[in-house]
Amino acid sequence: MLRSLIVKKYRQNKTSFVERGLPAEGKVLVKAGEVVKSFSKVGECLYSEKSQKISFEGELVKKEGERVFANEVLWVLRKGFLKSKEGKAPFSGIISRVDEEHKTFFIERLAREYSLIAGAPGTIKSVIKNKAVLIETTAIEVFGVFGKGEDVSGELVVVGDYKDSDGVEIDKRHTGKIVACGFVNSYMYSKAKLFGVLGFVCGGVDYGFCESQVGVISLIAVTGFGRLPMDPVLFNYFKGVESRFIVLRPSIPQIIVPEEQSLEWAKGIDGVYTDVREGQVVQIFDQSRYGLTGTIVGIEKDEVKVEVWEEGKILKLSPESIGVIANP
Amino acid sequence: MNILLCYVTPYSLIAVLNGDKTVRVKFPYPAFFDNYSDIWESVYGEALFRLGLKSPLNTIVVCNSQDLLYPLIKGKSVKVVPAQEAFSEFNIPMIFLGEKRVYCPQGCFELNINSEAVFKWFDFEESVVNVTNFFQNRFLYGPAPAESVWEKSFQNALIRAKMQAAFRLVSPNFLETVEELYLSGEALYGFTNFQELLLNFLDAMEVLGFWRLYFDDKAVLGPLAGLYPEKERALKILNKYPFKRVADVFIVPGVASAQIIFEDGKKQTLNLAREGINLVPLSKEELTVKLRLKKGHFEKKVSAGVFGAVFDTRKRPLAFSDLRSERFTIRDNIRKQVRGWGSQIQSSNNKD
């Protein structure tokens, strides 16, 4: 009997914790022990987004503390009696911190009302007064192999297919969201920075790129380094729960997807090793098909025959070159 | 008395049962290590299962005290010996090439290999990005057996990079004073390409001298090191795993010729004037090799191994071109030469 390792990537956890915080001090609207749904409002505050530093020439026509509106003229440069140049407000806000010496000032956006939703159904486990709540929820926990960046949470959006992201364009539709895809390339990542994407969940990413450039936007790779696919089972699940609130914890690295239903593929297999059997779903660690998924279709003396899902081809592999994800 | 000797590598456990059976059990994937419970019990149980044993045995486990598993094994029902202590006390003239370290009787040294060092010796026209990615994935999932040509080339390049780093770390005094040298270690486990092994050894060795080079392809020296207080017993078990005698190696730059004396007293002179690697295929006879050095004579008995007697007259330290194409041309020429040797040896053995 051939034996193989079990890959422990997924876990359905009935006591998973999700922290939801207000961006500024405000008011928490729920109490410990209260049951909430995904879209329950759990807090509110007045919140102003980051201010923007603006350089000017000539004279400011607005004073510090004054209210301005988008496209309103803020400064004018004159040549004699003629106006040669002017600058307009990029958005509505309040003028602050005018520095005549360095010819700069800030515009602070107006504070607006911010509502915090629970994001995950569950029970409020604890409350940090005026700041945050901790929700105990049932969730699918996906363990990645690499993570970088800060913990983030937000709406899930899926792009491309599970293998690659060729032709994928990141734009304002992805602002403030977590993007799931097969492979993250530098073009996507640069565009994501521009449009304020919160995070990435991908199958693979180049190691050198991770080392040198990843950090501003959180990223978790679930398969490995290189042009590697995401497990199609996971990718299809993400597609099925698109727009759901999820949490990325790159330091573990772990992805938490609140999920009330019991999912067969996420249950995993107990133990560390298992007998190799026909019908098992496996991950392949053979270089040419690294990270691909397949099904065991036969067992020979020292080798396992695996049908690769993506290609339909049958490979003969050593049991050490596969890891069992799920039993038939 | 039944005894199970185990050696814990960073990625697997190598177990030897009474010197009759060996088994290697891969550890849980490093990337998901925290998701597995009772790791040591599972790994140990798996080793017993694969050896056909139902209950625990008198077991000695050699494990580096810096490794993740060490605290998980310590205090269990097995005797645990720190690898640093086991190897130094075992005191066999060996170079034990591990995944992260090299052991020799002088101690244990960390191997700091990066993907560029591997890429330098990778055979194919491949981007450094792909080699780096594969190199890093090994840390996530542990090494898998090299099956494709690509993987075999990667494995060979990795071994070459490790061997060069290792031989720089090992004390030249040790290498100068031993005549038999055992190459072992989990990084070489199951490596069957003796030509590449010999070339890697010759390219890594910067000390001049003579060595009978042996190879422990099952890496049993690791588990056996745990028996260091009973060295006789360890050596008895060792006899059940006859090591491959790879070659009798002379690294003698600047030596113009060698005199070979056959068993029947006949003599032959081997011209070594051209700098390079020369081989004398041997069948079963034992020969005497005489070399004239600047400081007197040098005489050694040599006998059959995989490659017979090898004379490397290249100047040390070896200089490898920074140009990939030049480096590969030189190496491929040597490879062709070695392949030629292989066929000579084959025909010589067939005649016997």
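Chain A is the first sequence line, chain B the second, and so forth, proteins listed ahead of strands; every chain is numbered from 1. Every heavy atom of this structure was used, including side-chain atoms; hydrogens, water molecules and symmetry mates were not.
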Exercise. Could you go step by step and tell me if A:Phe209 and A:Tyr189 meet the ring-ring contact (aromatic ring centres under 6.0 Å, His included) rule?
Worked result: CA-CA 10 Å; A:Phe209 171 68; A:Tyr189 197 83; 5.5 Å; yes
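Within 6.0 Å of CG on B:Asp322 lie no more than 12 heavy atoms contributed by other residues, nucleotides or ligands.
Ion pairing between a basic and an acidic side chain is recognised when a charged N comes within 4.0 Å of a carboxylate O; A:Asp231 and A:Lys9 show no such pairing. Taking the charged nitrogens against the carboxylate oxygens, B:Glu46 and A:Arg3 do have a contact shorter than 4.0 Å, which makes a salt bridge. A salt bridge between B:Asp20 and B:Lys240 is present, with a side-chain N of the basic residue lying under 4.0 Å from a carboxylate O of the acidic one. Contact check on A:Arg227 versus A:Asp166 returns a salt bridge, with a Lys/Arg side-chain nitrogen under 4.0 Å from an Asp/Glu carboxylate oxygen. Using a 4.0 Å cut-off between charged nitrogen and carboxylate oxygen, B:Glu99 and B:Lys162 count as a salt-bridge pair. Using a cut-off of 4.0 Å between Lys/Arg side-chain N and Asp/Glu carboxylate O, B:Asp123 and B:Arg335 are scored as salt-bridged. Using a 4.0 Å cut-off between a side-chain N of Lys or Arg and a carboxylate O of Asp or Glu, A:Arg244 and A:Glu259 qualify as a salt bridge.
Ring geometry for B:Trp40 versus B:Tyr44: interplanar angle under 30°, hence parallel rather than tilted (30 to 60°).
When the heavy atoms of residues 319-328 of chain A are compared with those of chain B, the residues falling under 4.5 Å are A:Glu320, A:Ser321, A:Ile322, A:Gly323, listed by number. Residues from residues 141-148 of chain A that place a non-hydrogen atom less than 4.5 Å from a non-hydrogen atom of chain B comprise A:Phe143, A:Gly144, A:Val145, given in numerical order. Heavy-atom neighbours of chain A within the stretch residues 143-155 of chain B, taken at a separation under 4.5 angstrom, comprise B:Ala144, B:Pro145, B:Glu147, B:Ser148, B:Trp150, B:Glu151. Residues of residues 59-73 of chain B having a heavy atom under 4.5 Å from any heavy atom of chain A: none.
For the pair A:Val7 and B:Tyr29, the tightest heavy-atom approach, listed with the atom from each and the gap, is CG2-CE1, 3.5 Å. Taking both residues in full, the closest heavy atoms of A:Ala180 and A:Leu156 are given as CB-CD1, 3.8 Å, listed atom of the first, atom of the second, then distance.
Between chain A and the residues B:Val129, B:Thr132, B:Val43, the largest count of heavy-atom pairs under 4.5 Å involves B:Val43. Considering only heavy-atom pairs separated by less than 4.5 Å from chain B, the leading option among A:Asp270, A:Leu228, A:Ile252, A:Thr223 is A:Thr223. Contact count versus chain A (heavy atoms, under 4.5 Å) is highest, among B:Phe135, B:Phe134, B:Tyr141, B:Phe49, for B:Tyr141.
If you run side chain to side chain contact (heavy atoms under 4.5 Å, CB included) between A:Leu219 and each of A:Leu248, A:Val214, A:Val179, A:Val201, only A:Val214 comes through.
For the residue pair A:Tyr187/A:Glu169, the side-chain donor-acceptor check at 3.5 Å is satisfied. In this model, a donor atom of one side chain and an acceptor atom of the other lie less than 3.5 Å apart for A:Asp206 and B:Asn133.
With a 4.5 angstrom heavy-atom cutoff, B:Ser115 does not touch chain A via any of its atoms. With a threshold of 4.5 angstrom between heavy atoms, B:Arg24 approaches chain A through its backbone and through its side chain. With a threshold of 4.5 angstrom between heavy atoms, A:Phe285 approaches chain B through its backbone and through its side chain. In this structure, the portions of B:Asn35 lying under 4.5 Å from any heavy atom of chain A include both its backbone and its side chain.
Judged by the 6.0 Å distance and 45° axis criteria, B:Arg327 is positioned over the aromatic ring of B:Trp121. Cation-pi check for B:Lys100 over B:Tyr11 is met; the charged atom lies under 6.0 angstrom from the ring centroid and within 45 degrees of its normal.
Aromatic ring centroids of A:Tyr273 and B:Tyr36 lie 6.0 Å or more apart.
Without hydrogens or angle criteria, A:Ser4 side chain to A:Val276 main chain gives no donor-acceptor distance under 3.5 Å.
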